[in-house]
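Heads up: the structure comes next, in structure tokens.
Letters A, B, ... are given to chains in the order of the sequence lines, protein chains preceding strands, and every chain is numbered from 1.
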2 protein chains.
Amino acid sequence: MAYTSSGQMEQTTKQPTSEVPKLADVAAAAGVSTATVSRCLNTPDRVTKKTLKIVMDAVDRLGYSPNYSARALAAGRTNTFGAIIPTMENAIFARGIQAFQEELQENGCTLLVASSSYREDLEEEQIRTLTVRGADALLLIGYQRDRRVYEFLEKRKIPAVMTWVSDPEKNLLSVGFNNRKAMKLLADLVLEKGHTSIGCISAETAPNDRARDRVHGIRDAMQAAGLDPAALMVEETQYSIENGDIAFRKLMSGPVRPTAVMCGNDVLAVGALRAASALNMRIPQDVSITGFDDIELASVAPVPLTTVHVPHRRMGQFAAKALMAALNGEEPDSVELPTNICIRDTLGAAPR
Amino acid sequence: MAYTSSGQMEQTTKQPTSEVPKLADVAAAAGVSTATVSRCLNTPDRVTKKTLKIVMDAVDRLGYSPNYSARALAAGRTNTFGAIIPTMENAIFARGIQAFQEELQENGCTLLVASSSYREDLEEEQIRTLTVRGADALLLIGYQRDRRVYEFLEKRKIPAVMTWVSDPEKNLLSVGFNNRKAMKLLADLVLEKGHTSIGCISAETAPNDRARDRVHGIRDAMQAAGLDPAALMVEETQYSIENGDIAFRKLMSGPVRPTAVMCGNDVLAVGALRAASALNMRIPQDVSITGFDDIELASVAPVPLTTVHVPHRRMGQFAAKALMAALNGEEPDSVELPTNICIRDTLGAAPR
DNA sequence: TTGAAAAATGTAAGCGCTTACATTTTTGCT
DNA sequence: AGCAAAAATGTAAGCGCTTACATTTTTCAA
């Protein structure tokens with residue numbers, strides 16, 4: 001009777017199994033100790049095939065499933081990961097996070113997602129919340145945050161991976177891509193088409209290092225092509241179709257009309273597309289427009305969008321793998337994924 | 001020394017506070033028992049103002065935050081809610097779930113979201129997973145699922161709220177709206193405009209009671225208007241812009257061309273819109289198109305969409321409130337929210 | 001066959017918190 | 001001032017699991 005879960009004697013009137021079975025019940029049913037049951041569940045190779053079978057049969061028979069809180073408390077790990085993304089409102093992060101989640105799930109881990117609304121202070125708060133909630137590790141977007149945050153994570157020994165960015169210079173684990181280089185490559189292509197008057201619709205660069213890098217990339221290309229990088233006309237706004245529309249109109253009503261408008265992401269580009277067609281501008285004959293990300297929206301836009309394809313799914317998967325490795329005491333390497341340009345119908349030769 | 005967390009004597013070399021402080025440390029620092037600290041945190045009104053202050057000061061000073069696993073284990077509640085939605089890929093559920101989450105967060109609760117890909121079997125699996133993970137309560141979409149699932153929840157005493165639907169006949173807690181009635185109202189309007197040949201692009205109705213109800217609503221209106229409900233031309237497909245496009249073309253290439261196409265949601269409607277303009281049909285002169293949901297997409301579509309507005313945010317909030325009430329042993333009432341028709345530019349008089 | 005090393009299993013001490021119950025303090029009367 | 005009831009606080013027993021360590025069983029070379 002050593003392992004029955006309740007101290008009371010067996011009643012003559014048997015309980016109708018309304019109670020959820022616990023580890024000790026399985027142990028009793030299988031005639032082994034709780035430690036053995038625990039091993040069968042967590043480290044099956046430390047147990048005889050025979051006992052494994054007996055125990056697993058008991059598990060099935062009782063319909064046992066472990067209490068995660070108890071497990072977390074005893075083991076000191078929650079198997080819960082956190083991700084803090086700037087927004088859930090549009091699809092920018094959806095695919096990558098989805099892949100991240102799937103990869104975790106396959107390994108028995110859970111994901112908690114929070115959003116920061118592109119605000120550093122809120123991000124910090126969310127990081128603390130998720131940590132307190134017991135997240136074993138975190139996925140973050142970009143590098144830009146107070147050093148205090150990094151110190152906090154360091155102190156708590158919580159592995160974190162930065163995503164959507166890549167900078168080998170930084171001594172931080174990252175799984176992402178080089179925004180600046182990716183955008184430069186697309187800009188090179190735009191310049192090759194003969195455009196000299198370039199506009200750019202970007203997310204707000206102050207709180208967003210990815211956006212900043214992308215704008216930088218355009219300037220790099222201009223410089224390389226012998227143009228004045230300062231001539232780039234930049235409109236900053238928040239990511240939304242509506243805002244892309246507005247920003248495009250602003251660019252078009254300025255003193256110098258750009259012949260190509262490079263957008264910081266596909267959502268803005270679709271807004272620009274809409275504005276252009278509302279202004280009776282033909283694409284790409286009158287104006288070229290490019291995006292970034294290659295989300296579904298890009299391919300179903302009124303005119304399919306020339307954009308930069310980002311391997312979101314692979315990024316999510318690798319990020320998960322890296323964090324799980326870090327939790328196992330390994331020292332995973334950062335990975336920089338290649339992006340590639342996705343040529344569709346919105347980029348053409350400069351007019352005239 | 002009764003409440004220090006470590007049994008060892010104070011070392012001469014003080015630890016650099018690397019260890020995360022625990023309840024007992026706070027108790028020791030405040031000079032009270034662990035019970036009192038716990039009460040300060042959970043039921044502050046059961047404690048003197050004075051001790052509350054002392055304890056909270058200690059909490060701040062030590063930077064204490066409770067271990068949620070331990071709390072969950074001891075209290076038998078996790079303060080975690082689960083939501084299982086058919087898909088995260090488009091924005092249909094985003095707003096409602098976001099509001100649900102915000103409401104929970106305000107009350108110190110966490111949300112775990114999983115998706116079922118519109119498959120009953122996967123939904124059941126996710127329900128079990130979330131339950132095992134310790135979800136105290138669940139938000140589900142629609143009514144349609146095996147009775148076994150309801151029994152399971154009943155047995156485990158896990159409150160669940162059905163959302164995006166409302167049927168007072170069902171003896172289940174729900175916070176939602178009447179899909180059939182909502183769609184009928186819109187269909188009434190379409191019929192008033194003189195349309196007699198109606199098409200419908202719907203989600204697959206087999207696994208989706210909301211979609212089924214909406215189609216039903218159109219038929220109700222036709223019947224009421226003296227038309228043959230069986231004459232409704234229905235195309236079923238999965239929710240995506242692309243599929244809406246394809247379905248629209250199918251409808252238009254059938255033996256009878258509908259003059260109005262009512263879509264099961266806004267995403268499909270935007271696809272239909274795109275197809276129409278690709279086919280050089282003017283909206284609404286040549287063909288009327290309607291949506292359902294009123295997500296952002298609807299108002300930024302090439303032609304702003306006439307659609308049914310669903311109060312997603314309020315639905316999410318009420319759902320959260322209902323579940324929290326249920327967990328407190330109350331018996332919350334189901335709530336049916338009103339929808340309303342959002343008239344924009346895609347519905348016009350029947351041609352000729 | 002024997003015995004030491006390796007493998008399997010068992011024992012029991014927590015993990016950090018909540019809460020029933022016991023005890024002490026305060027309150028509000030008379 | 002004195003007393004019973006109410007309020008505040010303290011005591012300590014778990015919540016269900018993992019795991020260090022102890023014990024038993026198996027393996028395998030001599």
Side-chain angles (χ1 to χ4, degrees), chain A residues 1-8 19-55 58-59 62 64-79 108 131-134 136, chain B residues 1-8 19-55 58-59 62 64-80 108 132-134 136:
Chain A
M1 297 306 297
Y3 306 118
T4 49
S5 69
S6 59
Q8 50 185 225
E19 296 303 323
V20 180
K22 39 202 65 161
L23 223 203
D25 296 321
V26 176
V32 299
S33 73
T34 56
T36 299
V37 176
S38 180
R39 285 187 197 105
C40 288
L41 264 27
N42 299 307
T43 50
D45 35 282
R46 290 180 132 40
V47 139
T48 323
K49 277 225 154 182
K50 206 181 73 188
T51 48
L52 183 61
K53 176 159 181 7
I54 296 177
V55 169
V59 165
L62 299 186
Y64 169 78
S65 49
N67 176 317
Y68 276 70
S69 302
R71 173 177 284 191
L73 179 57
R77 284 177 293 98
T78 60
N79 283 343
T131 305
V132 161
R133 280 267 171 204
D136 286 337
Chain B
M1 297 301 299
Y3 306 119
T4 48
S5 70
S6 60
Q8 49 184 229
E19 295 304 322
V20 179
K22 40 203 65 161
L23 224 199
D25 296 322
V26 177
V32 299
S33 72
T34 57
T36 298
V37 177
S38 179
R39 283 191 279 258
C40 287
L41 264 26
N42 300 307
T43 51
D45 35 281
R46 291 182 130 40
V47 138
T48 321
K49 275 225 157 184
K50 206 181 72 187
T51 48
L52 183 61
K53 175 158 180 9
I54 296 176
V55 168
V59 165
L62 299 185
Y64 169 78
S65 50
N67 176 318
Y68 277 69
S69 301
R71 173 177 283 191
L73 179 57
R77 285 177 293 97
T78 59
N79 283 343
T80 296
V132 162
R133 280 266 169 205
D136 286 337

Which heavy-atom pair separates [X] from [Y] by the least distance, and what is that distance?
| X | Y | result |
| --- | --- | --- |
| B:Val59 | B:Leu41 | CG2-CD1, 4.3 Å |
| B:Tyr64 | B:Leu23 | CE1-N, 3.3 Å |
| B:Asp136 | B:Asn79 | OD2-N, 2.7 Å |
| B:Ala24 | B:Thr34 | CA-CG2, 4.0 Å |

From [X] [atom1] over to [Y] [atom2], what is the distance, rounded to the nearest 0.5 angstrom?
| X | Y | atom1 | atom2 | value |
| --- | --- | --- | --- | --- |
| A:Thr36 | A:Leu52 | OG1 | CG | 11.0 Å |
| A:Ser65 | B:Arg133 | OG | CZ | 11.0 Å |
| A:Tyr68 | B:Thr78 | OH | OG1 | 13.0 Å |

Suppose we screen for side chain to side chain donor-acceptor pair (under 3.5 Å). Which residues come up paired with A:Thr131, at least two apart in sequence or across chains?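 So A:Thr131 forms no side chain to side chain donor-acceptor pair (under 3.5 Å) with any residue.
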
Examine C:dC17: is either OP1 or OP2 under 4.0 Å from a nitrogen or oxygen in the side chain of B:Ser38? Give yes or no.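 No, outside the criterion.
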
Sequence neighbours excluded, which residues qualify as side chain to side chain contact (heavy atoms under 4.5 Å, CB included) partners of B:Thr51?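 With neighbours one apart ignored, the set is B:Val47, B:Thr48.
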
[X] has an atom [atom1]; how far is it from atom [atom2] of [N], in whole Å?
| X | N | atom1 | atom2 | answer |
| --- | --- | --- | --- | --- |
| A:Arg133 | C:dG16 | CZ | P | 18 Å |
| B:Leu41 | C:dT18 | CG | C1' | 11 Å |
| A:Asn42 | D:dC17 | CG | P | 11 Å |
| B:Asn79 | C:dC17 | CG | P | 15 Å |
| B:Leu23 | D:dA12 | CG | C1' | 14 Å |

Any residue in residues 44-51 of chain A with a heavy atom nearer than 4.0 angstrom to DNA chain D? Just list them by number, or reply none.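 When residues 44-51 of chain A is checked for heavy atoms under 4.0 Å from DNA chain D, there are no hits whatsoever.
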
For DNA chain C, which residues in residues 66-75 of chain B have a heavy atom at a distance below 4.0 Å?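 Close to the strand are B:Pro66, B:Asn67, B:Ala70, B:Arg71, B:Ala74, B:Ala75.
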
Qualifying salt bridge (Lys or Arg N to Asp or Glu O under 4.0 Å) pairs, either residue in residues 35-49 of chain A, two or more places apart: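 Residue pairs with at least one partner in residues 35-49 of chain A: there are none.
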
List, with names and distances, any nitrogen or oxygen atoms from the protein found under 3.5 Å away from nitrogen or oxygen atoms belonging to nucleotides 20-22 of chain C.
none

Any heavy-atom pair between the side chains of A:Ile54 and A:Val32 that's under 4.5 Å?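 A:Val32 does not reach A:Ile54 side chain to side chain.
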
So what does A:Thr36 touch, heavy atoms closer than 4.0 Å: a base, only the sugar-phosphate, or nothing?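 Sugar-phosphate contact only.
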
